[in-house]
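So the structure is just underneath, and the comments pick up after that.
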There are 2 protein chains.
Amino acid sequence: MTSTLGFAILAVLARGERTGYDLAAAMRTPVGYFWTAGHSQIHAELQKLRADGLVGFEAEHGPGPQGKKVYHLTADGLAALRAWVTEPPRARPERDELVLKTYASWLAEPGLLRRLFADQLAMHEERLAGYEREEAAFGGPPPPGDPRFGNYATLWCGLGYERHRVEWCRWMLERLSSAGA
Amino acid sequence: MTSTLGFAILAVLARGERTGYDLAAAMRTPVGYFWTAGHSQIHAELQKLRADGLVGFEAEHGPGPQGKKVYHLTADGLAALRAWVTEPPRARPERDELVLKTYASWLAEPGLLRRLFADQLAMHEERLAGYEREEAAFGGPPPPGDPRFGNYATLWCGLGYERHRVEWCRWMLERLSSAGA
DNA sequence: TCGCGCATGTAAACAGTTACATGATTAC
DNA sequence: GTAATCATGTAACTGTTTACATGCGCGA
């Protein structure tokens with residue numbers, strides 16, 4: 001009954017051992033561009049994963065009242081992760097606040113609405129530019145089987161997503177200006 | 001302190017009065033393609049909205065032990081909705097289980113992975129075809145200010161999203177087959 | 001009269017965010 | 001010495017899902 005968060009942790013641990021702190025740092029900015037978690041969530045989940053035997057840790061002397069715990073995948077953890085990867089994702093409901101606002105946008109002042117979409121456009125253009133720089137840093141896609149394939153494939157997804165978002169914001173701005181006022 | 005769910009309800013109510021049941025039916029399949037809610041959530045939220053004076057209702061005789069309540073926006077509710085529409089959305093963390101799986105896909109059996117993406121591709125192609133039919137049923141975009149503009153603009157977002165998703169799945173399948181079984 | 005759709009609600013469980021709480025190590 | 005970073009954890013709250021609970025109205 002491991003949660004998706006649990007598998008997110010296993011997925012990071014599959015690339016090398018980490019402390020809870022390292023995991024939290026890795027997941028503050030999205031892992032694979034599309035998953036985040038806070039440190040309090042991670043420490044609690046690590047305890048569950050350990051109870052299920054999917055991870056283990058070496059206690060080390062280190063900072064803080066509890067010292068330092070370096071977590072690693074167990075054989076069971078790796079097997080569970082492998083099995084999970086190819087299972088169909090359970091469809092989560094889509095929820096997007098900007099699109100919901102758009103649904104109600106016929107009520108809004110056009111000027112404020114243009115401002116909203118101009119800001120969103122700028123944000124997505126910036127993210128896109130960042131992703132494009134990252135893409136350039138890879139020299140083409142690594143082969144599947146290479147851990148870096150995971151990074152590249154999720155980056156490609158992020159690129160496509162940001163492009164779609166940029167196009168949509170531009171289309172909205174066109175609609176909103178062509179209709180005057 | 002109205003939640004996004006609250007505004008989702010107000011956004012639907014802005015198009016006409018509804019019972020809680022109607023709202024739940026409307027939100028089972030995503031409103032504006034990107035928001036869903038269950039009926040238990042909706043009834044609870046309606047009580048809060050009512051306490052805040054953003055909605056009112058007429059009790060009617062009808063089925064069930066409690067009869068039937070037809071909800072409508074109040075003037076305060078409409079004003080709150082109008083103000084909310086153009087405020088910047090608070091950035092929710094991206095979470096996408098399929099992309100997370102992709103991040104860990106270097107561990108997977110290539111055959112099972114191809115199957116996963118083939119299934120996802122089929123699903124997104126089907127959704128895309130449905131959206132394209134809906135788009136054709138509109139004869140071009142309604143003007144902003146028309147409630148149907150909200151429907152059309154969110155549909156356009158859905159179309160772009162599904163196209164991006166289809167492209168990404170196809171790209172993944174190419175990568176996975178070119179690298180041999 | 002039997003079953004489905006309409007219609008309302010509560011309760012418990014799970015997921016995620018934010019705030020609280022502690023304290024060692026390291027670099028300036 | 002003092003501040004930032006490393007490091008762990010708990011508690012309270014909010015949001016979402018799933019299960020429980022009731023019962024009228026209508027059509028076959």
**Request:** Look at the rings of B:W171 and A:W156 and say which category their plane angle falls in: under 30° parallel, 30 to 60° tilted, over 60° perpendicular.
**Result:** parallel

**Message:** Counting only heavy atoms and a strict 4.0 angstrom limit, can you tell me which residues of residues 6-43 of chain A come near DNA chain C?
**Reply:** A:S40, A:Q41

**Message:** Closer than 4.0 angstrom, basic N to acidic O: yes or no for B:R165 and A:E94?
**Reply:** no

**Request:** Would you kindly compare A:K48 and A:G62 by the position of their nearest DNA chain C nucleotide and give the one closer to the 5′ end?
**Result:** A:K48

**Message:** On a heavy-atom basis, which atom in A:Y71 and which in A:G20 lie closest, and how many Å separate them?
**Reply:** CD1-N, 4.2 Å

**Item:** Residue pair A:E132 / A:E162, side-chain heavy-atom distance below 4.5 Å
**Value:** no

Extract all donor-acceptor atom pairs below 3.5 Å that involve side chains of residues 80-89 of chain B and protein atoms in other chains or at least two apart in sequence.
residue	atom	partner	partner atom	Å
B:R82	NE	A:L107	O	2.8

**Item:** Geometric cation-pi criterion A:R15 and B:Y103, 6.0 Å radius, 45° cone
**Value:** yes

**Request:** Tell me which residues in residues 82-99 of chain B put a heavy atom below 4.0 Å from DNA chain C, sorted by number, or none.
**Result:** B:P93, B:R95

**Prompt:** Quick one: does B:T36's side chain get under 4.5 Å of B:V31's, heavy atoms only?
**Reply:** no

**Asked** Does A:H61 have a side-chain nitrogen or oxygen under 4.0 Å from the phosphate oxygens OP1 or OP2 of D:dA7?
**Response** no

Can you give each donor-acceptor pair under 3.5 Å made by side-chain atoms of residues 54-69 of chain A, sequence neighbours left out, with the distance rounded to 0.1 Å?
none

**Any side-chain heavy-atom pair of B:L98 and B:W168 under 4.5 Å** = yes

**For chain B, the stretch of DNA chain C it reaches, first to last nucleotide, under 4.0 Å of its heavy atoms** = C:dC6 to C:dT17

**Complete:** Residue set satisfying side-chain hydrogen bond (donor to acceptor under 3.5 Å, both in side chains) with A:S3, at least two apart, ordered chain then number -> A:E45

